[in-house]
There are 2 protein chains.
Amino acid sequence: MDQHSPARMEDVAQVAGVSAITVSRVIHHPDKVADATRERVLKAIETTGYVPNRVAGSLASNQTRIIGALVPTVTNSIFADTIDGLTDELGAQGYQLLLGATGYSLAEETRLINAILAQRPAGIVVTGLQHEPAAESLLRAAGIPVVETWNVDGQPIDMTVGFSNFNACHAMVERLVARGARCIGYVGAPTLANDRAAQRVAGYRAAVAKLGLEASDSLVFEGKFSFAAGAGRLRDLLATRPDVDAVFFGNDILALGALFECQRQGIRVPADLAIAGFDDVELAASVAPALTTVRIHRYEIGRQAARMILERLRGDTTTPDLTDLGFEIIERETTPAGRAD
Amino acid sequence: MDQHSPARMEDVAQVAGVSAITVSRVIHHPDKVADATRERVLKAIETTGYVPNRVAGSLASNQTRIIGALVPTVTNSIFADTIDGLTDELGAQGYQLLLGATGYSLAEETRLINAILAQRPAGIVVTGLQHEPAAESLLRAAGIPVVETWNVDGQPIDMTVGFSNFNACHAMVERLVARGARCIGYVGAPTLANDRAAQRVAGYRAAVAKLGLEASDSLVFEGKFSFAAGAGRLRDLLATRPDVDAVFFGNDILALGALFECQRQGIRVPADLAIAGFDDVELAASVAPALTTVRIHRYEIGRQAARMILERLRGDTTTPDLTDLGFEIIERETTPAGRAD
DNA sequence: CTGAAAGCGCTTACAG
DNA sequence: CTGAAAGCGCTTACAG
């Protein structure tokens, strides 16, 4: 029976001896139906194996229970945590996640926003504050809650949740200097189409300049998100600037790759070279020596983004446009200990 | 204009001076429309900011471009790679991913299958071959392509893509023995509601028994997916069975956590203790000493799953029900080298 | 507490 | 090459 064409509300209604609208009521407002009727309908749903057709329901009610989300990539715990935060919060509220991966391409992001919007989601979550103008117009015109994530330094289209990449990097550089660093290199993710990465280097540069240290392009490198790149860029940096006494990496994966490279080369960390990362992935605390890094709240970003959308949908007008989840400097063993501050 | 109610096909039609059906044609069969007309419609789409309403389109055509997917969790590169494989392949074909995370709960999986099916996806991907009976009936009754993943040891509902967890673990144990191991411990993920984990221990047990080594429960531990658990269970194992000369971990995260613990405790790897993992995450090759492990094709599982569904949807009847992507034993530095085989 | 009617925004044959 | 009609499976007021 269900093989060819799945049961419709009408089929359930016939089995239960009621009208389709009563079946709809049992599903959405069970208390508005007489007990006996409800029981009969529920039984009919069971026997027919009825699974409500939400695409019809969505068209009729003009609302879906779908939330769209766009991340650069899923591979790397970084955004994976945010996605888990989203699915956990959304799932509990009966919403579902329509996910897209942009591959760090703004053009692809625009394309995906269009595709997602075609599904008429109740809300949408994107990564970063940087988008193509076309994407921004689409988002504004959609008339749904929009949450940008992972960045609070800028003007959100609607709402944003994250932290200041600039301030976080600035703070880490200050800490490194307080611990004795005098020549700090920086290796970060490519800044093209990535405002978070751009603001991280900017934070580094600003802090270095402010503290009167050398701020030279020869101290700054870009590397893709991989352990191998961390090792490679460390070699490059050491080759050009053997005088660095600390290297700050824009993410933990790069930092850890560099740390392993030091172990291979016999470079003592932090005695010969201090290393700091960014993200505080689980590995950072587990490796020996444990990595000094910046802790940010990846899972919470996802959860909060979901909450902000859901609140809006409930008509809550008190939801703030900007939620700064902050960051923490976590000093572990790859940077020198000692009284600073 | 778009703020309150977004443009409809009818609005575009009016602006272009044609009927709605012509707008639909321009979108779906552009070659069946006169050049001049097409240009006018395209311009009208642009000026109205029209984004097609696929929920209406799906209801009318009785087909969506949505593929559902269920994974245990996204946090851990393990399933993240599979998700990237899915979004990459799906995105290129104009399909979108509706994602759910079960948290390793079969009951939650059933609930999510129901919710996803309500969106009338064109196909669905689930993890593993183990499901609640209710989930299986739902999946069978849906009348859409279903791909189970990460396991080929069993009877798929429809199609499956992955590898033999049993054989892979069996093979690794054989290799460890060939390298001189005589007392092998095993630490794997909890086997409850996880057929892959269950078949991994089973593979270990079968190999150990077949090779005439000790197969004792005192050699087998379970640990959650974390570096900390790997370290903890290694300590437990060493406390009960200080005579083990090798430990095989059911995933790389556990293995790596144990490796770091060895480094902290001054246990030499592989001289004092050999360590092997499972998954071949990027870190396995990057860490020092590099981890011996089983390479499996996580990204390909996602890509193939998407392809199998898409082929079916295209009416291809030659698509195999079972795709075994295999595995490879990758020997690196945490197990003794030497001529074996 | 329950039902008949209209309509959501598209697509699918079918005409012409 | 283009359009009028019907219908997809629901929900939303509105009656009673």
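Order of the sequence lines sets the chain letters (A, B, ...), proteins ahead of strands, with each chain counted from 1.
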| field | Test side-chain hydrogen bond (donor to acceptor under 3.5 Å, both in side chains) applied to A:S105 - qualifying residues, sequence neighbours left out | value |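 A:S105 satisfies side-chain hydrogen bond (donor to acceptor under 3.5 Å, both in side chains) with no residue once adjacent residues are dropped.
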| query | Can you name the side-chain hydrogen bond (donor to acceptor under 3.5 Å, both in side chains) partners of B:T318, sequence neighbours left out? | reply |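 For B:T318, the residues satisfying side-chain hydrogen bond (donor to acceptor under 3.5 Å, both in side chains) (neighbours in sequence not counted) are B:D316.
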| task | Sugar-phosphate atoms are those with a prime plus P, OP1 and OP2; base atoms are the rest. Using that split, label each nucleotide of nucleotides 9-16 of chain C B, S or - for protein heavy atoms under 4.0 Å, 5' to 3'. | result | BBSBB---
| task | Hunt down any stem DNA chain D takes part in, defined as 3 or more consecutive Watson-Crick or G-U pairs whose two distances are each under 3.5 Å. | result |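 Listed by first number, the stems are C:1-3 with D:14-16, C:5-12 with D:5-12, C:14-16 with D:1-3.
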| task | Establish, with yes or no, whether the OP1 or OP2 oxygen of C:dT2 is under 4.0 angstrom from a side-chain nitrogen or oxygen of A:T37. | result |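 For A:T37, the contact criterion (side-chain N or O under 4.0 Å from OP1 or OP2 of C:dT2) is met.
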| Closer than 4.0 Å, any side-chain N/O of A:T22 to the OP1 or OP2 of C:dG3? |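 The answer is yes; a side-chain N or O of A:T22 sits under 4.0 Å from OP1 or OP2.
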| query | Are the side chains of B:T37 and B:T22 in touch, meaning some heavy atoms are under 4.5 Å apart? | reply |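 Yes - at least one pair of side-chain heavy atoms lies under 4.5 Å apart.
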| Once you round it to whole Å, what is the distance between C1' of C:dC1 and CD of A:E39? |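 About 16 Å, once rounded to whole Å.
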Is there a donor-acceptor pair under 3.5 Å between the side chain of [X] and the backbone N or O of [Y]?
X: B:N114; Y: B:R111; result: no
X: B:R40; Y: B:A16; result: yes
X: A:D84; Y: B:V74; result: yes

| task | Mind jotting down which residue pairs meet the side chain to side chain donor-acceptor pair (under 3.5 Å) criterion with at least one end in residues 119-135 of chain A? Sequence neighbours excluded, please. | result |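 Qualifying pairs, neighbours excluded: A:E109-A:H131, A:T110-A:E132, A:Q119-B:Q96, A:H131-A:E148.
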| field | Which residues share a salt bridge (charged side-chain N to carboxylate O under 4.0 Å, His left out) with B:R25, sequence neighbours left out | value |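 Testing B:R25 for salt bridge (charged side-chain N to carboxylate O under 4.0 Å, His left out), a comparison that skips the adjacent residues, returns none.
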